[in-house]
A.B. asks: 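Okay, handing you the structure first.
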Amino acid sequence: MMMENIFPPGLTIHERYDIKGSWVDRNATLPRLGKMVQCRHCSEMYLYEGPHIPRGKKSEKQCKSHYLTHEPNLLFKDSDLKFRLLVTNADDVLKQLKKDSEFFGTRLRTMDYSLL
């Protein structure tokens, strides 16, 4: 397997998705409360206390990156993706997917690739 990071240094990826084209068991698994998880911004391990901290309670959720609080490093799946393409954009996206599929399948003989 060969992979190359195509993003310029310093660019933040806000969400990551693993899309398989199915809706069966295709939701992200949220971490359990009280579990140690890795921050998606600074990669530091921290105690997950949920998305919101009760008022008056101190937390170790302070992130050392330019973000204010730690956030769990989640991989979202098909059923988590919630957006719709405009009809005018959908045709362009479909054409590009067909071109990409032809290129990767025929020329590179690749079975799987990432859409970024």
Side-chain angles (χ1 to χ4, degrees):
M1 173 190 286
M2 291 180 63
M3 296 178 73
E4 181 179 347
N5 187 353
I6 64 167
F7 295 109
L11 183 68
T12 301
I13 298 173
H14 294 88
E15 293 179 349
R16 296 177 305 131
Y17 289 85
D18 176 24
I19 306 298
K20 301 287 188 204
S22 173
W23 291 278
V24 178
D25 194 28
R26 300 300 299 159
N27 289 94
T29 303
L30 297 176
R32 288 176 303 163
L33 294 177
K35 182 179 177 186
M36 294 299 291
V37 296
Q38 185 178 36
C39 176
R40 72 182 184 99
H41 304 295
C42 69
S43 298
E44 188 175 300
M45 297 299 288
Y46 74 99
L47 184 67
Y48 182 69
E49 299 175 278
H52 304 289
I53 303 167
R55 209 178 258 169
K57 181 178 179 183
K58 289 190 175 187
S59 172
E60 297 178 13
K61 288 183 73 168
Q62 187 65 36
C63 182
K64 293 178 182 177
S65 71
H66 63 280
Y67 295 90
L68 297 177
T69 59
H70 289 304
E71 293 180 14
N73 190 15
L74 296 177
L75 179 61
F76 296 102
K77 298 181 182 179
D78 301 65
S79 297
D80 301 312
L81 190 59
K82 306 288 186 211
F83 78 90
R84 299 204 185 275
L85 291 174
L86 298 174
V87 173
T88 54
N89 296 351
D91 287 338
D92 292 337
V93 170
L94 182 59
K95 285 177 191 173
Q96 189 61 52
L97 286 172
K98 286 180 178 181
K99 286 180 184 178
D100 289 353
S101 297
E102 176 68 23
F103 173 76
F104 285 109
T106 305
R107 297 179 113 208
L108 299 181
R109 300 182 54 85
T110 302
M111 292 176 54
D112 191 13
Y113 73 99
S114 296
L115 175 66
L116 303 174

A.B. asks: For residues Leu30 and Tyr17: do they belong to one hydrophobic cluster (side chain heavy atoms under 4.5 Å, members Ile, Leu, Val, Met, Phe, Trp, Tyr)?
C.D. replies: yes

A.B. asks: May I ask you to check whether Asp100 and Gln96 show a side-chain donor-acceptor distance below 3.5 Å?
C.D. replies: yes

A.B. asks: Do you know the tightest heavy-atom contact between Cys42 and His70?
C.D. replies: SG-CE1, 3.3 Å

A.B. asks: Under a 4.5 Å cut-off applied to non-hydrogen side-chain atoms, are Pro31 and Leu74 in contact?
C.D. replies: yes

A.B. asks: Indicate the atoms forming the closest heavy-atom contact of Asp80 with Ala28, along with that distance.
C.D. replies: OD2-N, 2.7 Å

A.B. asks: When you look at Lys77 and Asp25, which way does the salt bridge (Lys or Arg N to Asp or Glu O under 4.0 Å) test go after all the steps?
C.D. replies: CA-CA 9 Å; Lys77 298 181 182 179; Asp25 194 28; 5.7 Å; no

A.B. asks: Report yes if some heavy atom in the side chain of Tyr46 is under 4.5 Å from a heavy atom in the side chain of Val37; otherwise report no.
C.D. replies: yes

A.B. asks: About how many Å separate CG of Asp18 and CG of Asp78, when rounded to the nearest 0.5 Å?
C.D. replies: 7.0 Å

A.B. asks: When hydrophobic residues are tied together by side-chain contacts of less than 4.5 Å, even through go-betweens, does Val93 share a cluster with Leu81?
C.D. replies: yes

A.B. asks: Once rounded to the nearest 0.5 Å, what's the spacing between atom CG of Leu33 and atom OH of Tyr48?
C.D. replies: 6.5 Å

A.B. asks: Could you pull out all residues at least two apart from Phe103 that satisfy ring pair (Phe, Tyr, Trp, His ring centres under 6.0 Å)?
C.D. replies: none

A.B. asks: About how many Å separate CD of Glu49 and OG1 of Thr69, when rounded to the nearest 0.5 Å?
C.D. replies: 10.5 Å

A.B. asks: If you round to the nearest 0.5 Å, how far is CD of Glu44 from CG of Asn73?
C.D. replies: 13.5 Å

A.B. asks: Hydrophobic clusters here meaning ILVMFWY residues chained together by side-chain heavy-atom distances under 4.5 Å, can you tell me if Leu47 and Met45 are in one?
C.D. replies: yes

